[in-house]
Amino acid sequence: MMKFWSFEATVTAIYAQLGKPKESYNKLGQLGVSALAGYIAGVFCAVVSHPADTMVSKLNAPLKEGQAKPTVVSIYKDIGFGGLWGGLGTRIVMIGTLTALQWLIYDSFKVYMGLPTSGGAAPPAKKD
């Protein structure tokens, strides 16, 4: 859910910064916005999920003979707050690129089928 929300919010923000509505750009430009928004959404999601994924990886690591199963507290004492963020740069490159490609492929297929690209819908009118 986070990836979809962050993608849609990012597309909206990009078009707001560009200053023109989505429909004023050709399909290639719209696909570029989709790819950029996908990368940004991927980076956001990588940062949000990385500490928990690091902890899960440590919890599921193979144990040596006679070693006790670690707890979240024991892992945190061992690696500290900074250890939760180890490898984040690599993860950002990987997840950002994969998410950008996912949205680019999805929107390219939509364009091929004659449908509009994702995101950039006008916000709903506020009721007084």
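By convention here, the first residue in the shown sequence is residue 1. Atoms considered below: every heavy atom in the structure, side chains included; atoms not considered: hydrogens, waters and symmetry mates.
- The cluster map of Ile, Leu, Val, Met, Phe, Trp and Tyr, joined by side-chain heavy atoms under 4.5 Å apart, puts V48 and W5 in the same cluster.
- Counting non-hydrogen atoms of other residues, nucleotides and ligands closer than 6.0 Å to NZ of K58 gives a total of 12 or fewer.
- A single hydrophobic cluster is not seen to contain both V93 and I40; linkage of ILVMFWY side chains at heavy-atom distances under 4.5 Å, directly or through other members, places them apart.
- Of all heavy-atom pairs spanning A37 and V11, the tightest one is CB-CG2, 3.4 Å.
- With a 4.5 Å cut-off on side-chain heavy atoms, T71 and Y76 do not count as touching.
- Closest of all the heavy-atom pairs between K69 and L59 is NZ-O, 2.5 Å.
- When the ring pair (Phe, Tyr, Trp, His ring centres under 6.0 Å) test is applied to F7, the partners found at least two apart in sequence or on another chain are W103.
- Atom CD of Q17 has 12 or fewer heavy atoms from other residues, nucleotides or ligands within 6.0 Å.
- In terms of heavy atoms, L104 sits closest to L31 at CD1-O, 3.8 Å.
- Residues Y39 and I92 approach most closely at OH-O, 4.0 Å, considering heavy atoms.
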Q | Residue pair D107, S118: steps toward the side-chain hydrogen bond (donor to acceptor under 3.5 Å, both in side chains) verdict | A | CA-CA 6 Å; D107 273 353; S118 298; 2.7 Å; yes

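- Clustering ILVMFWY residues whenever any of their side-chain heavy atoms sit less than 4.5 angstrom apart, transitively, puts V43 in a cluster other than the one holding M94.
- Using a 4.5 Å heavy-atom threshold, the side chains of T10 and F44 count as separate.
- Hydrophobic clustering (side-chain heavy atoms under 4.5 Å, transitive across Ile, Leu, Val, Met, Phe, Trp, Tyr) groups F81 together with L88.
- For the pair T117/S108, no side-chain contact is recorded, criterion being any heavy-atom separation below 4.5 Å from C-beta on.
- Residues P116 and E23 form no side-chain contact, since every pair of their non-hydrogen atoms from C-beta on lies 4.5 Å or further apart.
- Of the possible polar contacts, none joining the Q30 side chain to the K27 backbone as a donor-acceptor pair under 3.5 Å is found.
- Hydrophobic clustering (side-chain heavy atoms under 4.5 Å, transitive across Ile, Leu, Val, Met, Phe, Trp, Tyr) groups M55 together with V47.
- Considering I79, V72, D78 in turn, I79 is the only one that fulfils the side chain to side chain contact (heavy atoms under 4.5 Å, CB included) rule with I75.
- By the 6.0 Å and 45° rule, K20 stacks over the aromatic ring of Y25.
- S49 contributes a side-chain N or O that, together with a main-chain N or O of C45, makes up a donor-acceptor pair within less than 3.5 Å.
- Contact between G38 and T99 at its shortest, heavy atoms only, is O-CG2, 3.2 Å.
- Taking the side chain to side chain donor-acceptor pair (under 3.5 Å) definition, one finds that S57 meets it with nothing, sequence neighbours left out.
- In terms of heavy atoms, I95 sits closest to A46 at CB-CB, 4.1 Å.
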**Q.** Criterion salt bridge (charged side-chain N to carboxylate O under 4.0 Å, His left out) on D53 and R91, from CA distance to verdict
**A.** CA-CA 11 Å; D53 287 344; R91 184 181 174 99; 2.4 Å; yes

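- Counting only distance, with no hydrogens or angles, the side chain of S74 and the backbone of P70 share no donor-acceptor pair below 3.5 Å.
- Separation of atoms OG (S34) and CD (Q102) is listed at 13.0 Å; rounding is to 0.5 Å.
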